[in-house]
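Working notes, beginning with the structure itself.
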Amino acid sequence: MSMLVALIAIGCLALIFGAVLGYAALRFKVEADPLVDQIDDILPQTQCGQCGYPGCRPYAEAIANGDAINKCPPGGEAAIKKLADLMGVAATPLDSAQTPAIKRVAYIREDECIGCTKCIQACPVDAIVGASKLMHTVLIDECTGCDLCVEPCPVNCIDMVPLPGTVERWKWNLEAIPVHVVESNVLESR
Amino acid sequence: MQSLFQQIKAGQLWDFHGGIHPPARKQHTSQKPIGRLALPDRLYVPLRQHIGVPGALLVAVGQHVLKGQPLTFANNAMAVPVHAPTSGTVLAIEPHIAPHPSALPELCVVIAPDGLEQWRERHPLHLPECDRLSLLQRIQDAGIAGMGGAGFPTHLKTGAASGVDYLIINAVECEPYISADDVLMQEFATTIVKGIDILCELSGPKAVLIGIEDDKPLAIAAMQAACSQREQYLVKTVPAKYPSGGEKQLIQLLTSKEVPAGRRPLDIGIVMQNVGTVFAIAQAVLEDMPLISRIVTVVGDSLTQPQNVLALIGTPVGYLLDACGFSPEPAQRIIMGGPMMGFTLPSVSVPVVKTSNCILAPSQAELPSASNEMDCIRCGACAEVCPAVLLPQQLLWYSKAKDLDKLKEYNLADCIECGACAYVCPSEIPLVHYYRVAKAEIREQSRDELKAEQAKARFEARNERLEQEKQQRATRNQALALQRQQLMAEQQKNREIEQAQQRVAATSDTATELSKEQIIALREQKKAAARAYQAEKATQQSMQHSADTADAAAANEPAAASLPATQPAQSQPEITSDPRAAAVAAAIARAKAKKAQTEPGETSVVVPAATAVAAEPILDTRAAAVAAAIARAKAKKAQAEPTPQPLPAPTAAPVKPQSDDSGASSHDAAASSDTDRDANRETAKRQALAAAIARAQAKRQQTDAGSVAMSHVPQSAHSTATTTKITDTPDTSALAKSTAATPDTPADDPRKAAIAAAIARAKAKQQQLSATDPKDQA
Ligand code: SF4
Ligand code: SF4
Ligand code: SF4
Ligand code: SF4
């Protein structure tokens, strides 16, 4: 008898807790970032199409649907590593040659530009300003260096030039700092 | 229990974690008076010497400037102006090696002093009459930025601080060798105290704490004497320990308060100023003397007379060294800043700036250069001395692994780069350098993230816009098609009526002949309309495809555009007998012309070139530009060509004259019907039209060729130049020449130049291409 009471009691408790937990799960549901958005955040947003998709978001969708994670050259190993973490798959090396690490931006040789507006149509991020039959130019700060504007130019006046180094952007170069003053002081204080 | 304020007043000091005791080596310079030097023969004043943005230039090359005259002006809050350190002439405004470890050039104003030291007009302020704003304005105009090393604009720091608890004057100067602040206090204690008065006016603190290390007895005595009149100015002697001059460390030392990670001292009611900055403020306000000079410690065993000198901003480091008896040894290093936090200079032509407090020229024996770095043995010595209570060995580990997230987790941002950890490391690991690299990586990463965010936003905005345009275009096209149908129906009806009338009216033979003619004309007209419609439809369809097919659309467009122009001209003369028919024809022509115009208008792309060329009166330059464009387009097409069979290319050349003819014939008709038009203009127009047609054809061929070439690209990745290059080159250069020669005869100079350029480019690219092509031929 007592056995039965215990069973009923436990059963009731289980039901109650189950109901409470079920309600809580609905009531306090955490809106997770959809997977595609998370992947899209990792991709570099260069919108260059080198992955074979017309932009980063389509590739993010493709990854979410099981495409390989190693198709984005601008993202490089870093992006692959993050994607591997996120997707729970092994990081694989990039399937094509990695783009050079040096950041480049498009530059239009302005006296040769005929104002055909083809590069404007090609640029995925609207980084080119100009009007028909007038000179065009690239907004360096907005250019992602995707190369897409180079091919359409009928007079070949667009170059990809390395971004000029500035003092703010400079990364310390270990070899360039031969100052190492510390040891002598150590010796002296000993 | 005493309150904090009472404790501070009673002279209590606290301590911060870690710290080291390197040999100070200040005795060579701290006992000597400040050296005054003759004027150097060149001054290089960098436009940006602080954290923030440079001001806007006020001077031009060749201009004569007076001492203290502003060279730039601050056009926003983060800008700080720079001033002419002496009177003289602006020789140049050009990039010059900046005092930065990168050795990258920054824009400098180069001044040749005239030796007269002629001052501009000066307007000292009288403290009691000044309000807060004018004081802050003066501080900004005088170009004052934190002189302790960071160079943060002082007007921002003081402007934000009102009603703080403590104003701390940092005169600790804990780094070995440096004694610039020490001698400054010895000689100018009273001026410094006046500067503190001004800062008190601005921020109204409860007390002013002046922190000085106990190894500067002369400076302490001088400051104490100068402060004797002022109750709440407390000179605090702190025990010598490195890095007690760090902002957060000194605050903890003097007030026991800790600044939370990622916050500013202001958030806990404290503002700190370097003693050099205070001196500059006093000079700026009381004497109207902008920041044009500073005291620099020039020291090291490679100098015979190490001393503190009053150096004008912009003086090349080499000049200072020479003035102090510089006898360099082989592979001499020059360090700007102290031995712990400084950096080696790439060249001695680097100028002194507002933040340079020390030039160190050590001998190899004095400071041996980097020796062998070994692996971390995880002894933990670094963690014991870290004043920021970090775990340097962990930071090193993650810096090497480039694990930026972990670095952030371990608070790399709090590292003040003091070098204490590297100083004690038994494995001689240059820890700080790893941190500097890692910090730069983190900065770069956050910049990239920001940029990616922007790029994404722009990409999405663009897609949205394109989608919208597409829809708009679709609806407009529908409406247009409807209109056209109605118009056609109406027209048809009109004609039928007309024909019936004519048939009834004209019973004679001649009348029947006329109507026959009319019928033929009508049929032709209908055919033409159908053609135009189809061409247009093709255009629309292709427009909706992606960018590459847009080229094809562009190629079709001129055809459609040229139709309405030629059509009425051909049919008009035959039906002139009937004014009504003529009116109808004119209406059609107008409708078509309008359609042709609106069509390109909404896409705002390639098409306007074709229609506008036909529509506007054309000038010579324009014709020249068009011709140049043709030449260039052809050149590009020739480049895109996969070379072995240059079949499509030669056709482009002959096509040009042909199209010229056809375009001309249609236009001759138009010209004859329209006698009052200027003949000149007409021929120009004809040329333009011909050019447009030629361009369209060239483009079409280009896209064909382009798609072929596209397929070759991957293959050509790593092939090398072979003999084919030589065989191919003359071929296409000849082609380029022939295309260049075809444009209209009255070729003027710029055009010739453009053509020549196009040929040159075509040849260059040709060679490139042929270098990559052999694979295709094989
Ligand atoms: S390759 Fe990378 S950067 Fe380029 S579009 Fe694809 S995901 Fe974006
Ligand atoms: S300007 Fe050219 S390289 Fe830069 S983003 Fe636009 S298309 Fe890409
Ligand atoms: S002091 Fe040097 S060896 Fe010791 S734990 Fe720190 S980094 Fe490693
Ligand atoms: S350099 Fe950074 S990690 Fe090393 S002791 Fe100084 S604050 Fe700590």
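Note that the structure is predicted; figures quoted are calculated from it, not measured. Residue numbering restarts at 1 for every chain, and letters A, B, ... go by the order of the sequence lines.
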Does this structure show an ion pair linking Arg462(B) with Asp126(A), if we count only N-O contacts that are shorter than 4.0 Å? yes
Please answer whether the main-chain N or O of Lys456(B) pairs with a side-chain N or O of Arg57(A) as donor and acceptor at a distance below 3.5 Å. no
Is it true that a side-chain atom of Lys451(B) and a backbone atom of Thr46(A) form a donor plus acceptor pair closer than 3.5 Å? no
Find the one option among Ala78(A), Cys123(A), Ala127(A) whose heavy-atom pairs under 4.5 Å with chain B are most numerous. Cys123(A)
What's the separation between atom CD in Gln45(A) and atom CG in Asp448(B), rounded to the nearest 0.5 Å? 12.0 Å
Separation between CZ (Arg458(B)) and OG1 (Thr144(A)), nearest 0.5 Å, reads 10.5 Å
For Gln364(B), is it the side chain, the backbone, both, or neither that has a heavy atom closer than 4.5 Å to a heavy atom of chain A? neither
Do other residues, nucleotides or ligands put more than 12 heavy atoms under 6.0 Å from the NZ atom of Lys400(B)? yes
Check this for me: Glu453(B), atom CD, are more than 12 non-hydrogen atoms of other residues, nucleotides or ligands nearer than 6.0 Å? no
Examine whether an atom of Pro44(A) lies under 4.5 Å from a heavy atom of chain B, and if so say whether it belongs to the side chain, the backbone or both; otherwise answer neither. backbone
I'd like to check the ring pair (Phe, Tyr, Trp, His ring centres under 6.0 Å) partners of Phe459(B); sequence neighbours left out, ordered by chain and number. none
Can Gln454(B) and Glu142(A) be said to form a side-chain contact (heavy atoms from CB on, under 4.5 Å), step by step? CA-CA 8 Å; Gln454(B) 283 171 352; Glu142(A) 310 296 349; 4.1 Å; yes
Please find the pair of heavy atoms, one from Ala455(B) and one from Val125(A), that lie closest to each other, and give the distance. O-CG1, 3.5 Å
